[in-house]
Amino acid sequence: MTVAVVTWNINSVRLRLPMVLDFIQQYQPDVLMLQEIKCTNDQFPTNAFTEAGYPHQAVHGQKGYHGVAIVSKFPLTDISSRVFCEIPESRHVSAVLDLGRGPLTVHNFYIPAGGDEPDPEINPKFKHKLGFLSELTSWFSEPEFQRGHLIAGDFNIAPHENDVWSHKQLLKVVSHTPIETEALNAILNGGHGWTDLVRKHVPFDQKLYSWWSYRSADWENANKGRRLDHIWATADIAEHCIAAEIAKPYRGWADKPSDHVPVIVRFAGV
DNA sequence: ATGGCCGCTGATAGCGGA
């Protein structure tokens, strides 16, 4: 038996509920981390997920924008959320669950997109993004992150050259500027060390994306994507990860897809 | 070559996304 964990920026969970339920049918994930639910806690489709087999839910929404949620087949305890940069937006929720190897803390992040101009002096959104990364760096250096942790979400950064359609053309575009990619890679490689579970299974010389802009008239042929969505784990968890997949077909789901697709990792042996 | 789009709101124009 394997356990599957998914991250997906759903861009309105209410509008996209039929697509999520279709995905659940197809992939049978155990834990689903959703970003940009774009609803308040009481607007979240609790009953639909419960009926689909996911009665355990940690929802941290807000009106209109942002918002994150974890829905799970397994009980969630110690549900918590954290505010970054003293800006009261719903960008993080965490919970503890047991997938058979003892307590696992899972964190769901929605890192700020950062606006257009990659200069913190003139763009407060970019300043927020860098501040968020700085606070993550400090937090992850704490001893609890030595083991038993999985972090996932829309990080809004494509860290490697082959995580974007054109490294050269995106070096000055927010999501792939050196200041962002270096900060994210420093978090990955610093602290107690994380494993990028998707790149554990897909070689770095292979182009890989999880997001395609709505503005591209023909996203599939243009294929100007970026890998913005990530799942990392501490070494003790990562060693049991046996597969990773990006479910690209959901970018073309019906007439109303999200601009992000699900990222799935599987763990062996419960 | 990023933006031609998208979802939300005491909506009907403006914000945020990336």
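By convention in this document, chain letters (A, B, ...) are assigned in the order of the sequence lines, proteins followed by strands, and residues within each chain are numbered from 1.
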Atom-to-atom span, NE2 of A:H260 to P of B:dG7 - whole angstrom: 13 Å
A:R14 side chain, from C-beta outward: closest of B:dC8, B:dG3, B:dG4: B:dC8
Phosphate-side-chain proximity, A:S216 and B:dG4, N/O vs OP1/OP2 below 4.0 Å: no
Nearest-Å distance for atom pair CD/C1', residues A:Q62 and B:dG16: 11 Å
A:R215 (side chain) and B:dG17 (base): donor-acceptor pair under 3.5 Å: yes
Under-4.0 Å side-chain N/O to phosphate OP1/OP2 contact, A:K125 with B:dG16: yes
Separation of the P atoms in B:dT12 and B:dA18, to the nearest angstrom: 23 Å
Sugar-phosphate, base or nothing in reach of A:F155, heavy atoms under 4.0 Å: nothing
Sugar-phosphate, base or nothing in reach of A:R91, heavy atoms under 4.0 Å: sugar-phosphate
Between B:dA18 (P) and A:H230 (NE2): distance, integer Å: 12 Å
Sugar-phosphate, base or nothing in reach of A:N9, heavy atoms under 4.0 Å: sugar-phosphate
Conformer about C1'-N of B:dG10 - syn within 90° of 0, anti elsewhere: syn
Separation of atom CD1 in A:I10 from atom C1' in B:dG7, rounded to whole Å: 13 Å
B:dG4 and B:dG17, which share atom name C1', separated by this distance in whole Å: 16 Å
Integer-rounded Å distance: B:dC15 P and A:Y65 OH: 9 Å
Check: A:I111 main-chain N/O paired with A:N156 side-chain donor or acceptor under 3.5 Å: yes
Donor on one side chain, acceptor on other, A:Y65 and A:E89, under 3.5 Å: no
Atom-to-atom span, CH2 of A:W219 to P of B:dA18 - whole angstrom: 17 Å
Rounded distance (Å) that lies between atom P of B:dC8 and atom CD of A:E89: 17 Å
Donor-acceptor pair between A:E245 and A:Y27 side chains, under 3.5 angstrom: yes
A:E180, A:R226, A:R227 screened by side-chain contact (heavy atoms from CB on, under 4.5 Å) with A:I157, the one that passes: A:E180
Sugar-phosphate, base or nothing in reach of A:H176, heavy atoms under 4.0 Å: nothing
B:dG3 and B:dG16, which share atom name C1', separated by this distance in whole Å: 15 Å
Whole-angstrom distance between B:dG10 and B:dC6, as gauged at atom C1': 22 Å
Sugar-phosphate only, base, or nothing, as touched by A:D116 at under 4.0 Å among non-hydrogen atoms: base
Sugar-phosphate, base or nothing in reach of A:D154, heavy atoms under 4.0 Å: sugar-phosphate
Nucleotide B:dC5, atom P - distance to CG of A:D259 in whole Å: 14 Å
Any A:N11 side-chain nitrogen or oxygen under 4.0 Å from OP1 or OP2 of B:dC6: no
A:V173, nearest nucleotide to its side chain (from B:dG16, B:dA18, B:dT2): B:dT2
B:dA18 OP1/OP2 closer than 4.0 Å to side-chain N/O of A:Y110: yes
Presence of salt bridge, A:D116 and A:K125, under 4.0 angstrom: no
A:R82 to A:W139, cation-pi by 6.0 Å centre distance and 45° axis angle: yes
5'-most by nearest nucleotide on DNA chain B - A:K63 or A:I111: A:K63
Single hit among A:T7, A:N9, A:I246 for side-chain contact (heavy atoms from CB on, under 4.5 Å) with A:H260: A:N9
5' precedence on DNA chain B between A:H66 and A:K256 (nearest-nucleotide basis): A:K256
Selection from B:dA18, B:dT9, B:dG16 that lies nearest to any side-chain heavy atom of A:S175: B:dA18
